[in-house]
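Read the structure below first, then the notes.
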Amino acid sequence: MSTTQIKCNQKVVFITGGGSGIGAATTDLFLKKGAKVISSDFSFPAVELSDVDFNLNPVKIPLDVRNQGQVSKVINMIVEKFGNLDVVINSAGIFKETSVFEISEDEWDNMMAVNAKGTFFVCQAALRYMIKQKNGSIVNISSESGLTGGEFSGAHYSASKAAVIGMTKSLAKLSAPYGVRVNSIAPGTISTPMISHLLTNSETIQKEIDENIPLKRLGVENIPLKRIGQPIEIANVICFLSSEEASYITGGCICVNGGTLMP
Ligand code: NAP
């Protein structure tokens with residue numbers, strides 16, 4: 001089944017982290033498929049929720065997922081405006097490479113607050129409605145680092161992404177009796193602004209080897225498909241997982257990584 005065949009007409013889709021990378025590609029894909037998309041991001045220009053134009057597509061809402069009250073208000077408003085909520089995608093996230101002995105308490109707390117707690121707040125608010133409407137699908141973006149411990153990512157990033165996989169399974173068990181599905185995706189290396197500073201050409205890698213500088217950059221040598229992924233290649237899997245074509249998948253963690261991890 002190609003995602004080009006999946007239709008999303010009339011579906012109400014809420015996305016976090018929709019302003020960049022995977023979230024932006026997912027917003028575009030759902031728009032092309034005819035969905036009503038509400039895209040939120042920390043980086044969207046500040047506007048009062050009461051001034052947001054819900055007639056646009058996508059609707060754009062500034063949202064910090066760490067703020068439980070604000071998350072709840074946004075979800076309530078979406079349901080009030082459209083009457084239902086079909087799909088939720090949690091793509092908001094932050095990444096840091098800080099080495100173990102350099103991670104401060106504040107940095108640890110913020111990593112967990114955005115990647116783990118923020119994902120939970122959005123799921124919590126969405127499930128209140130999805131369970132009542134006995135329908136809905138949530139896709140949380142974890143990371144390969146959450147399964148294997150990242151080589152480049154900090155321990156706090158890996159921990160926060162493992163938390164996403166664990167909470168996804170708990171929430172999937174809770175919501176399955178109501179016909180609601182919750183899944184996660186563990187992407188490998190995807191070309192987005194989040195990791196652009198780690199991507200480099202082979203000339204730079206060779207220079208680092210010649211000068212005996214510890215290799216800090218991501219090359220494609222260890223990826224079986226010999227390339228990094230594109231945001232649309234994650235968006236396509238999100239689209240499939242959220243659709244009726246994936247109706248028997250819940251609590252899953254789907255690896256999309258060019259072959260680096262074959263669980
Ligand atoms: P990205 O381009 O940096 O997009 C992430 C978005 O989340 C940004 O627009 C960011 O806004 C937003 N954000 C950060 N903190 C937020 C908050 N508190 N509330 C709401 N939004 C917030 O990165 P991406 O690569 O698309 O990442 C999407 C997801 O995929 C993340 O969860 C990431 O951990 C995961 N992932 C990415 C890769 C990869 O290789 N790219 C691999 C595995 C997993 P600002 O720009 O203002 O910070």
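Keep in mind the model is a prediction, meaning the values are calculated, not measured. Counting convention: from 1, in listed order, for ligands and their atoms alike.
A cation-pi contact, defined as under 6.0 Å to the ring centre and within 45° of the axis, is absent between Lys134 and Tyr178. Under the 6.0 Å distance and 45° angle rule, Lys33 does not count as a cation-pi partner of Phe30. A cation-pi arrangement, defined by a distance under 6.0 Å to the six-membered ring centre and an angle within 45 degrees of its axis, is present between Arg66 and Phe42.
Ligand-side atoms of ligand 1 in range of Gly21: 2 (O), 26 (O), range being under 4.0 angstrom from any heavy atom. Set against the non-hydrogen atoms of Leu63, the atoms of ligand 1 under 4.0 Å away are 19 (N), 20 (C). For ligand 1, the atoms lying closer than 4.0 Å to a non-hydrogen atom of Arg66 are 18 (N). Taking every non-hydrogen atom of Thr189 and a distance limit under 4.0 Å, the qualifying atoms of ligand 1 come out as 40 (O). Heavy-atom contacts of Tyr157 reach the following atoms of ligand 1: 33 (C), 34 (O), 35 (C), 36 (N), 43 (C), 44 (C) (cutoff under 4.0 Å). Which parts of ligand 1 touch Asp64 is read off a 4.0 Å heavy-atom cut-off, strictly below it: atoms 17 (C), 18 (N), 19 (N). Close contacts between ligand 1 and Val114 involve ligand atoms 15 (N), 16 (C), 18 (N) [criterion: under 4.0 Å to a heavy atom]. Using a 4.0 Å cut-off to heavy atoms of Ser43, the atoms of ligand 1 that qualify are 47 (O).
Here the protein heavy atom with the shortest distance to atom 29 (C) of ligand 1 is Ser91 O, 3.1 Å. For atom 38 (C) of ligand 1, the nearest non-hydrogen atom of the protein is Gly188 O, 4.0 Å.
Side-chain atoms of Thr98 and Glu107 form a donor-acceptor pair, as typed in the model, at a separation below 3.5 Å.
Between Glu80 and Lys73 no salt bridge is recorded (no basic side-chain N to carboxylate O distance below 4.0 Å).
Inside a 4.0 Å radius of atom 48 (O) of ligand 1 there is not any protein heavy atom.
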